[in-house]
Amino acid sequence: MVKIICDSTADVTSELAQKYGITTVPLNIHFGNEAYRDRVDLTAEEFYKKLVESKVHPSTSAPAPGLFVEAYKKLSKETNEILVITISGGISATAESAIQAKGIVGDIVKIEVIDSLQTIGGELLLVIKAAEAAESGAKLAEITALVKDAIPRVHSYMVFDTLEYLQKGGRIGKAQAWLGGLLKFNPILTLKNGVIHPVTRAWGREQSIDALVGLIKAIPKLEGLVIEDATTPDELEILADRLSEIYPKGKMYRSRVSPAIGVHVGPHVLAALALEGK
Amino acid sequence: MVDIVSYGGQEFRNMFAAGSSWLEKSVPDVNAINVFPVPDGDTGTNMFLTLKATMEEADRARSENVSIMAKAMAQGALMGARGNSGVILSQFFRGLAKGLDNQEQLTGKDWAEALSEASRIAYKGLSQPVEGTMLTVIRDASTAALVAAQADPEDLVKVASAAVDAARESVARTPMLLPVLREAGVVDAGGQGIYILLEGMFRYLKGEVDEMQYRKPQLVTADLPGGSRMAEMSAEREDPYGYCTNFLLEGHKLNPDKIRKKLESKGQSLVVVGDEHIIRVHIHTYDPGGIIQYATVLGTLHQLQIQNMDDQHVGFMEMQHEKQQPLDIAVVAVAAGSGMKEVFKSLGSAAVVFGGQTMNPSVQEILEAVDAVPSQRVIVLPNNKNIVLTASQVQALTAKEVVIIPTKTVPQGIAALIAFSYEGTLEENRKLMEDALASVKTVEVTRAVRDVQINGLKIEKGQAIGIIDDKDIVAAGNGDTEVLFEAIGKACADSVRVVTIYYGADVGAPQAEQVAQKMRDMYLGRQVETVFGNQPHYSYIVSLE
């Protein structure tokens, strides 16, 4: 069976990882000289607490190629085909790291690396799609085609409280135009071709949820849906209720934005990510 | 000069340790110029941390064999690579290890060949190698090293020297290869880092260990025609401009030559043209007063313009900035007050035309703004009932596609602008923005211009009046604050979540904050913000959403 590897920002929950046997390679988070592996050395709770309290702003970095090498070697004992799905190359070097590692292990196992052009739930939707196909016995080439076909159908929307974190981390992309505003609106951003783009703005949290729901409702057909929060589970519940009008709650995946992404989006992010049906 | 021509494992390690420490000193500088591939400002940090992990592994190896040492370092880099530059560095070390396979000692030729292999592997490892980055610098250094090694295969110092020189030149050229660097006026951060590493190693080979302790690497700057943009910018900023002074002088028996001579010493860029009846004068001066004083003695002044050149310079920089980013759809807003202008600008308005109640801009002014913005599709936010009409005339006068959103108040304009979708078409945005108008209520407090009896209120001239949505006068009285609260009491529905108070030129910040605090206490659970609109005539403009 094809084995799936993704990075920690795909926000694969432990249940999903177990169910499908997904391997997660962690990004690194640095608070000054302290380095942590995303979700390994630092839980989401600990991280978001530290993010707000820490005097130094943390930074992140892609996993070293060596981590992928280890993962490939380990999995090569159970399978001869591996699919790696990574966070967008427009905001992280993870894909490059995975590709270099592929060059290093050579022919011991067949490896395909796909840049998801997404992260968090957007990447998760693709990982789940790949994992389901792998479980049903699809071969690497088929799954690769399936995932590549799905990438343009991923819609990702994130509500921000502030763009400060994105700016500090240098990943603000096209949302640069919204910096330095005098008004406290909530920017809603998306990942387009792997880079951050502004979508719209809303006043306050309530209108933000309205806007998120509106954006998801505008998608003609839903094949998959992920919703995520960072530190606001109550809002996630509201979002789930609102979206249950158009998509069964039981089929929605809920997750929590990983610390490595939290570094750049801040503790009050709320996200809805959908895979558009064909 | 170190008195050996060939080096063992420990020397090889020391060489890299020296290079790493040399780079460590420049970490902030390298971070500062990091714009590619993601401007996250940590290329220097990532390179250094990767080198640190590399050296730790080298320390554990403790071998006199160069090949073993290089392999240990490659392993260290592989496991410790941080970020994009680290990932490439790890390939660099892998290539070095491959190139030095089975080499017990290091000569010039070995080093050149190892660098060449490092370059090959670094390129091969990337899915999309980009020129003008550290890749290019590694390749250029290795090419030069190979050439030098042909002449002196045994001389490591000479080969290392050639590699460093080539790296330096290569770094300076990176902006020519990579547009994003050229735009930012910087060299590639990763390339800079590689150069510093190689330079530190070379200095070690030359025996400058002591000297390196109290010195810092010299950074390479962009090798662009006319220097880097950053350099240009700072140079321009340092140059004080004074005032651009411009006028027509009318009089009798004027003598342009005499005037020119008189003014020559008063400033720069002097232009004096005309005849004995009328003369055009243009000069950049620190003392426009003196010029005017002199001219008024000779005749009458017309079309007098004095502009602070620093402002012009800022305006020019802003214009350049806008030029670089053509917009899909541009928004032109009408507003009065510096704070209001700032609000619209910060929300993405391409231009803000000055105007408002009793200060309606002309069709011409709006037309000029519409024509000037860098987009063929323009949305206009008039933000005043009377200006809606004026603005709609612009459509017939321009070749551009123009949509007027009938915003009657500033809060409506802001609500519309916030709803603007960067992904939407002109038509979609018209709908989104018009829909947004319904979500906001406006309360304004101004002064009555005459005695009037309206809505059962008897209002005297000069009294404060509270207006809802630019049409209903719902409160009047002597104090602005009381009127404001009365009007808000009538306008504020339960559905309101966000209250933004734009306070005018005559209201102080502490007073506005007091009002906001009172409002927070009265309407619990609502977000109340204050913004200094600095608008004339209206003490308060409040948006309720």
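Sequence lines set the chain letters: A, B, ... in the order given, protein chains first and strands last, and positions in each chain run from 1. Please read all numbers here as calculations on a predicted model, not as lab measurements.
In terms of heavy atoms, A:Ala93 sits closest to B:Gly83 at CB-C, 4.0 Å. Looking at every heavy atom in both residues, B:Ala81 comes nearest to A:Pro65 through CB-CD, 3.5 Å. Here the closest non-hydrogen pair linking A:Gln100 and B:Ser90 is OE1-OG, 3.8 Å. Here the shortest heavy-atom pairing between B:Val38 and A:Gly170 reads CG1-O, 3.3 Å. Considering every non-hydrogen atom in both B:Asp42 and A:Ser59, the closest pair reads OD2-CB, 4.0 Å. Shown here for A:Gly66 and B:Met79, the closest heavy-atom pair between the two residues is CA-SD, 3.3 Å.
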Q: Show your reasoning for whether side chain to side chain contact (heavy atoms under 4.5 Å, CB included) applies to A:Arg201 and B:Leu347.
A: CA-CA 10 Å; A:Arg201 295 168 276 211; B:Leu347 290 174; 3.7 Å; yes
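At a 4.5 Å heavy-atom cutoff, the contact between A:Glu206 and chain B is made by side-chain atoms alone. Heavy-atom distances place the side chain of A:Lys192, and not its backbone, under 4.5 Å from chain B. Interface residue A:Thr60: only backbone heavy atoms are found under 4.5 Å from chain B. Using a 4.5 Å cut-off between heavy atoms, B:Gln527 touches chain A through its side chain atoms alone. At a 4.5 Å heavy-atom cutoff, the contact between A:Ala202 and chain B is made by backbone atoms alone. Heavy atoms of A:Gln167 lying under 4.5 Å from chain B are absent altogether. Contacts of A:Ser97 with chain B are made by both backbone and side-chain atoms, with heavy-atom separations under 4.5 Å. Proximity to chain A is limited to the side chain of B:Leu49, based on heavy atoms less than 4.5 angstrom apart. Interface remark: B:Thr500 contributes side-chain atoms only to the contact with chain A (heavy atom separation under 4.5 Å). Proximity to chain A (any heavy atom under 4.5 Å) is restricted, for B:Gln128, to the backbone atoms N, CA, C and O. For B:Arg82, the parts sitting under 4.5 Å from any heavy atom of chain A are the backbone and the side chain alike. When heavy atoms are compared at a cutoff of 4.5 Å, B:Ile121 does not approach chain A at all. Residue B:Tyr502 touches chain A through its side chain alone, counting heavy-atom pairs closer than 4.5 Å.
Taking chain A as the reference chain and counting heavy-atom pairs below 4.5 Å, the highest number among B:Val498, B:Val87, B:Leu417 is found for B:Val87. Considering only heavy-atom pairs separated by less than 4.5 Å from chain B, the leading option among A:Thr94, A:Thr200, A:Val113 is A:Thr200.
In this structure, B:Lys71 places its NZ atom where more than 12 heavy-atom neighbours from other residues, nucleotides or ligands lie under 6.0 Å away.
Note that the OG atom of A:Ser92 and the CG atom of B:Asn84 stand 8.0 Å from one another [nearest 0.5 Å]. To the nearest 0.5 angstrom, A:Ile104 atom CD1 is 4.5 Å from B:Leu78 atom CG. One finds the CZ atom of B:Arg497 at 11.0 Å from the CD atom of A:Gln207 (value rounded to the nearest 0.5 Å). Taking CD of B:Glu529 as the reference point, atom CH2 of A:Trp203 lies at 7.5 Å (rounded to 0.5 Å). Interatomic distance, OG1 of B:Thr45 versus NE2 of A:His30, reported as 9.0 Å (0.5 Å rounding). In this structure, B:Asp40 CG and A:Ile91 CD1 are separated by 11.0 Å, a value rounded to the nearest 0.5 Å.
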